Amino acid sequence: MDSLIEDIIAREILDSRGNPTVEVEVYLSNGQHARAAVPSGASTGSKEAVELRDGDKHRFGGKGVLQVVQHIEEIIAPDLQDLDVRDQKAIDDTLIGLDGTENKAKLGANALLGVSMACARAAADYCDLPLYAYLGGPGATRLPVPCFNVLNGGVHAHWQGADFQECMLVPYGAASFREALRWGAEIYHALQSILLEKHLSVGVGDEGGFAPAVKSNHESYDLLVDAIRRAGFEPGRDCGIAIDPASSEFFKEGKYQLHTENRALSSAEMVDYYAEIVANYPVVLLEDGLAEDDWESWKLLNEKLGGSIELVGDDIFCTNPKIIAKAIEDNIANSTLIKLNQIGTVSETIAATRMAQFHGWGAFVSHRSGETTDDFIADLTVALDTGHLKSGAPARGERVAKYNQLLRIEEELGTAATYAGKQAFVRGVRF
Ligand SMILES: O=C(O)[C@@H](CO)OP(=O)(O)O
Ligand SMILES: [Mg+2]
């Protein structure tokens, strides 16, 4: 058989923030090889699989990943040698077994994920299939609604902008992915002109969105609605808004500290705050509206808003099938974010997505704020038919790498391609 893993090598490369990350290459017995790179978050959930860093202050301030490279080449590679690269489950189970810890702290989730992704890609190449078709089969034909993070705040803008980390444009009214991408870019540029006119900064945050020093979180939504109109579209009909406040980052001493507005809200007040935003702006999706340590209050949030918008858990679920199962049981949200490196293998990411989908929940695929030009998540989104993904602004190479790959997939699918549009969202979302 010539689909066996022959060798695996790894190297330390830089991500979009100038921090080291891991790149992995898998070589097969037939001479083919494939590559993958691992992303890295800034606003991370405490239950995420562990991203291992060297801690040697003399290299990258302790953020180096040479130890991870060593784990891949010296521990993982010999063990995976001669496994059939098409057996993703066996590969991932071997990786999990080799690490042996619950949170992948021993070898590092960054070591495991790089190998897992590179193997999936090598297997697809071996089968002479595009990655989305290899992972998703012949039914993988639906293109997702791209959610463009055009206003960056919170930690992604070093608290120079809004408290809320992400304000996204959601062009669900477009007829195709290509059209949605054009709309996103046009609205992004309209927003830039509005900011310039208002003498607000057009400097960008980690995900390529602008990071103006707004006076309130509401000002962000006014800017988005104006930009949608300025570009010639109708807010609510053509394009909605999604928000990721990443609220765990400003939940301190049991209160949500809104720095820009100089006030602190209780969980119940925070839910009312969102209800007011939802009543006044075309918001269709709210991610991490409440903190990961505020599980009980999520029930209230879901009671009040779960019937009209998609409520996504990110830091609180960490793409972990066990936590998502508990969340479904407790009925605290109606959707989960999906991030490969929060859980650490491709198989577990698929399991988390399926868990959500089988229960009528949404699954929202996401990049990380520290990215590379690896476009794996574009294919993954189509393969798992999640209907929507976020990959930052429609600008900056590491963000558009994913959007541009989706253009290629749409083109390749030809007449078979469909665009998820409003159906991308969980049932009940009011448009
Ligand atoms: O909170 C998020 O959803 C992400 C991605 O946008 O940010 P980070 O990668 O910093 O966790
Ligand atoms: Mg988030």
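Both counts, for ligands and for their atoms, begin at 1 and track the order of listing. The model shown is predicted, which means the values in this text are computed figures rather than measured ones. Residue numbers run from 1 in the order of the sequence given.
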(message) By the definition ring pair (Phe, Tyr, Trp, His ring centres under 6.0 Å), identify the one residue from Tyr403, Trp183, Phe210 that meets it with Phe148.
(response) Tyr403
(message) Taking Arg368 first and then Asp206, would you say they form a salt bridge - that is, a charged N and a carboxylate O separated by under 4.0 Å?
(response) no
(message) Can a side-chain donor-acceptor contact be found between Gln342 and Asp314 if the only test is distance below 3.5 angstrom?
(response) yes
(message) Around atom CD of Glu269, are there more than 12 heavy atoms from other residues, nucleotides or ligands closer than 6.0 Å?
(response) yes
(message) Under the criterion ring-ring contact (aromatic ring centres under 6.0 Å, His included), I'd like the reasoning laid out for Phe250 against His259: C-alpha separation, chi angles, the key distance, then a yes or no.
(response) CA-CA 8 Å; Phe250 54 85; His259 305 107; 7.1 Å; no
(message) Quick one: does any side-chain atom of Glu166 pair with a main-chain N or O of Asn149 as donor and acceptor, under 3.5 Å?
(response) no
(request) Compile the protein residues with any heavy atom at a distance under 4.0 Å from an atom of ligand 1; present them by chain, then by number. (result) Gly41, Ala42, Ser43, His156, Gln165, Glu166, Glu207, Asp244, Glu287, Asp314, Leu337, Lys339, Ser366, His367, Arg368, Ser369, Lys390
(message) Could you enumerate the protein N, O or S atoms under 2.8 Å from the Mg ion (ligand 2), written like residue then atom name?
(response) Asp244 OD2, Glu287 OE2, Asp314 OD2
(request) Can you sort out the partners of Glu179 under side-chain hydrogen bond (donor to acceptor under 3.5 Å, both in side chains), two or more places apart, ordered by chain and number? (result) none
Distance-only donor-acceptor pairs under 3.5 Å for side chains of residues 55-62, two or more places apart:
residue	atom	partner	partner atom	Å
Asp56	OD1	His58	N	2.9
Arg59	NH1	Glu12	OE2	3.3
Arg59	NH2	Glu12	OE1	2.6

(request) Evaluate whether atom CZ of Arg427 has more than 12 neighbouring non-hydrogen atoms of other residues, nucleotides or ligands under 6.0 angstrom away. (result) no
